Amino acid sequence: MAKNDVKVLGAWPSPYVMRPRIALNIKSVNYEFLEETFGSKSELLLQSNPVHKKIPVLIHGDKPICESMIIVEYIDEVWTSGPSILPSDPYDRAIQRFWAAYVDEKWFAAMRGLRSAQGEERKAFLDQVTEGLALLEEAFGKCSKGKAFFGGDRIGLLDIAFGSFLGWLKVTEKVNGVKLLDEAKTPGLVKWAERFCADAAVKSVMPETEKLLEFSKVLAAKMKGAPPPKN
Amino acid sequence: MAEEVLLFGFWGSPFSRRVEMVLKLKGIEYKYIDEDFSNKSPSLLKYNPIHKKVPVFVHNGKHLAESLVILEYIDETWKDHPILPKDPYKIANARFWAKFIDEKYLSAIWKSCTSEGKEREKAVEETSELLQFLENELKEQKYFGGETIGLVDIAANIIGYWLEIFEEAFGVELLRKEKFPKLCNWANEFVSVSAIKENLPPRDKLIAFLRNRFGVGNASK
């Protein structure tokens with residue numbers, strides 16, 4: 001397929017943008033990566049995602065597909081000759097989707113809360129993050145069935161959903177001086193994280209922690225400097 | 001092997017009703033257990049320890065939570081009356097709108113009903129914008145799913161039935177016919193489908209429940 005038939009609109013620091021890129025890599029699909037400028041939204045983005053105006057957007061031919069996990073499933077359904085990203089059994093598929101939604105709606109929401117929280121609030125978010133990781137450790141045991149990934153022998157939907165947050169998880173550990181993935185408490189996830197980051201489909205799109213750390217400082221400064229919201 | 005299908009729900013919840021609607025659409029026999037909000041059963045807490053919510057669906061001992069996850073599981077397991085199209089782009093589109101409905105609509109409608117003054121005005125405006133998206137998405141179709149009910153129609157059950165009940169219970173007007181003619185038409189068609197009609201909580205009971213539990217809106221009309 002011609003390279004410019006598939007485009008991904010995104011930005012390198014975004015874990016959500018990583019997801020379709022990993023999926024396309026798994027399927028060995030060439031694509032054009034169109035980077036949005038930080039702080040502004042291109043015409044193409046606004047046209048292709050008028051509802052959310054957010055990255056990532058996959059543009060396949062002339063069709064835009066939005067929402068990172070929906071894009072991942074789309075990729076899996078279109079490029080069927082590559083390795084499968086979702087399992088074939090409906091229950092296994094449902095479990096992967098359930099945990100992917102949990103990671104996005106509950107776990108990462110707590111991670112985000114941690115960024116700007118202080119004192120008691122910060123401790124509360126940290127507890128939520130740690131409890132979430134304990135749940136995910138248990139889920140890993142059940143989903144992987146002793147294999148390398150949530151998806152089994154190969155990276156699957158839930159690996160992509162959760163793994164894409166590993167860069168930001170490392171930044172959070174550094175900034176807060178805590179260990180979130182811990183050999184004692186989450187041994188399965190510690191090893192899984194190493195394997196995930198080393199995977200060929202992931203390596204080229206996972207940002208270096210130092211680079212992400214620098215970016216997080218820029219982001220924090222920008223958020224502090226932002227004018228107060230108008231009512 | 002005899003199928004064992006269980007559903008834990010709440011009679012007034014649009015989320016557990018979604019699952020019932022699809023089960024009825026596909027002609028699947030199931031056992032229903034109604035949960036009391038204030039006194040959740042040990043079974044519910046065992047099957048959904050993470051969210052502790054309805055619906056919880058159990059199929060031959062395998063349990064699932066989260067209504068949209070359950071709906072896709074049911075569609076993949078029982079192939080009659082599919083609720084998702086075959087084309088990947090159309091599937092992605094359906095999932096997009098179902099997710100959008102879940103993320104935004106209920107909270108905007110809720111805020112419109114239960115807040116006051118400037119906050120209510122803002123919430124009403126937001127709800128109007130959200131409804132406009134769906135009005136546009138309907139185009140000239142009978143249902144969001146085309147000629148037959150699909151995932152988005154079921155996800156939009158909040159708008160198809162519950163919205164009018166919220167309006168009545170709290171004295172707010174959100175789904176104006178002049179502004180949203182297609183959506184209003186769709187709502188009428190939706191509630192006429194027998195698999196849907198049989199699965200709607202009684203209107204007066206729900207209004208009374210909302211008023212009792214959440215107080216009649218200190219409504220500025």
Side-chain angles (χ1 to χ4, degrees), chain A residues 20 23 48-52 54 57-80 85-107 109 128 131-132 134-136 138-139 142 157-158 229-231, chain B residues 19 47-53 55-79 84-105 107 117-119 121-122 129-130 132-134 136-137 151-152:
Chain A
S48 16
N49 192 357
V51 172
H52 295 295
K54 283 185 180 172
V57 179
L58 179 79
I59 304 181
H60 185 200
D62 56 355
K63 294 180 291 210
I65 298 105
C66 309
E67 294 294 282
S68 61
M69 294 316 294
I70 292 177
I71 298 172
V72 170
E73 292 217 37
Y74 173 83
I75 290 169
D76 199 37
E77 286 156 12
V78 168
W79 285 279
T80 49
I85 293 172
L86 273 126
S88 49
D89 176 76
Y91 186 67
D92 292 338
R93 292 158 73 88
I95 292 294
Q96 299 258 323
R97 286 171 178 147
F98 172 85
W99 284 109
Y102 169 79
V103 163
D104 271 354
E105 288 159 24
K106 294 267 160 18
W107 185 75
Q128 280 175 46
E131 279 160 23
L135 289 173
L136 287 160
E138 201 189 321
K142 290 195 182 134
L157 187 90
L158 182 51
K230 295 193 172 60
N231 281 4
Chain B
V19 181
Y47 286 131
N48 192 5
I50 292 152
H51 300 294
K52 303 180 177 57
K53 285 181 181 174
V56 170
F57 183 72
V58 186
H59 179 211
N60 293 336
K62 294 177 294 194
H63 52 97
L64 283 175
E66 295 297 286
S67 63
L68 295 183
V69 171
I70 296 168
L71 293 188
E72 288 218 39
Y73 172 80
I74 292 173
D75 204 42
E76 287 169 10
T77 307
W78 289 274
K79 308 278 190 188
L84 273 171
K86 296 252 181 313
D87 174 66
Y89 181 65
K90 293 190 172 140
I91 298 175
N93 194 47
R95 285 177 178 146
F96 176 88
W97 289 107
K99 182 170 194 254
F100 187 56
I101 289 168
D102 259 9
E103 280 171 7
K104 304 277 184 187
Y105 287 70
S107 58
K118 276 244 171 297
E119 223 192 294
E121 269 176 46
K122 206 173 151 208
E129 284 166 16
L130 291 170
Q132 192 62 52
F133 280 124
L134 289 182
N136 297 345
E137 182 58 20
L151 181 76
V152 181

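All of these numbers come straight from a predicted model, not from anything done at the bench. Throughout, a chain's letter reflects where its sequence line sits, starting with A, and its residues are numbered from 1.
- Counting all heavy atoms, side chain and backbone alike, P90(A) lies closest to T77(B) at CB-OG1, 3.7 Å.
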Working for salt bridge (charged side-chain N to carboxylate O under 4.0 Å, His left out), residues R97(A) and E76(B): CA-CA 13 Å; R97(A) 286 171 178 147; E76(B) 287 169 10; 3.1 Å; yes

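- The two residues E77(A) and I91(B) have their closest heavy-atom pair at OE1-CD1, 3.8 Å.
- Only the side chain of K99(B) comes within less than 4.5 Å of a heavy atom of chain A; its backbone N, CA, C and O stay farther away.
- Residue contact with chain A, scored on non-hydrogen atoms closer than 4.5 Å, is absent for L68(B).
- To the nearest 0.5 angstrom, K90(B) atom NZ is 9.5 Å from K63(A) atom NZ.
- Between V78(A) and P88(B), the shortest heavy-atom contact is CG2-CB, 3.7 Å.
- In this structure, OH in Y89(B) is found 8.0 Å from OH in Y74(A), a value given to the nearest 0.5 Å.
- The side chain to side chain contact (heavy atoms under 4.5 Å, CB included) check on D104(A) picks up Y16(A), R19(A), M69(A), F165(A), with sequence neighbours excluded.
- Contact of E131(A) with chain B is not made at all, since no heavy-atom distance falls under 4.5 Å.
- The closest side-chain heavy-atom distance from H51(B) to Y102(A) is below 4.5 Å.
- Between atom CZ of residue F100(B) and atom CD1 of residue I70(A) there is a gap of 11.5 Å, rounded to the nearest 0.5 Å.
- When V51(A), I71(A), D76(A) are compared by the number of non-hydrogen pairs under 4.5 Å with chain B, V51(A) comes out ahead.
- Salt-bridge annotation for E66(B) and K106(A): absent, with no side-chain N of the basic residue lying under 4.0 Å from a carboxylate O of the acidic one.
- Ranked by heavy-atom pairs under 4.5 Å with chain A, the first of K118(B), E129(B), E72(B) is E72(B).
- Under the rule for a side chain to side chain donor-acceptor pair (under 3.5 Å), the partners of K142(A) that lie at least two apart in sequence or sit in another chain are E138(A).
- The CG atom of N48(B) lies 5.5 Å from the CZ atom of F98(A); values are rounded to the nearest 0.5 Å.
- Using a 4.5 Å cut-off between heavy atoms, E103(B) contacts chain A through its side chain alone, with no backbone atom that close.
- Remark: L64(B) CG to Y91(A) OH distance equals 5.0 Å, nearest 0.5 Å.
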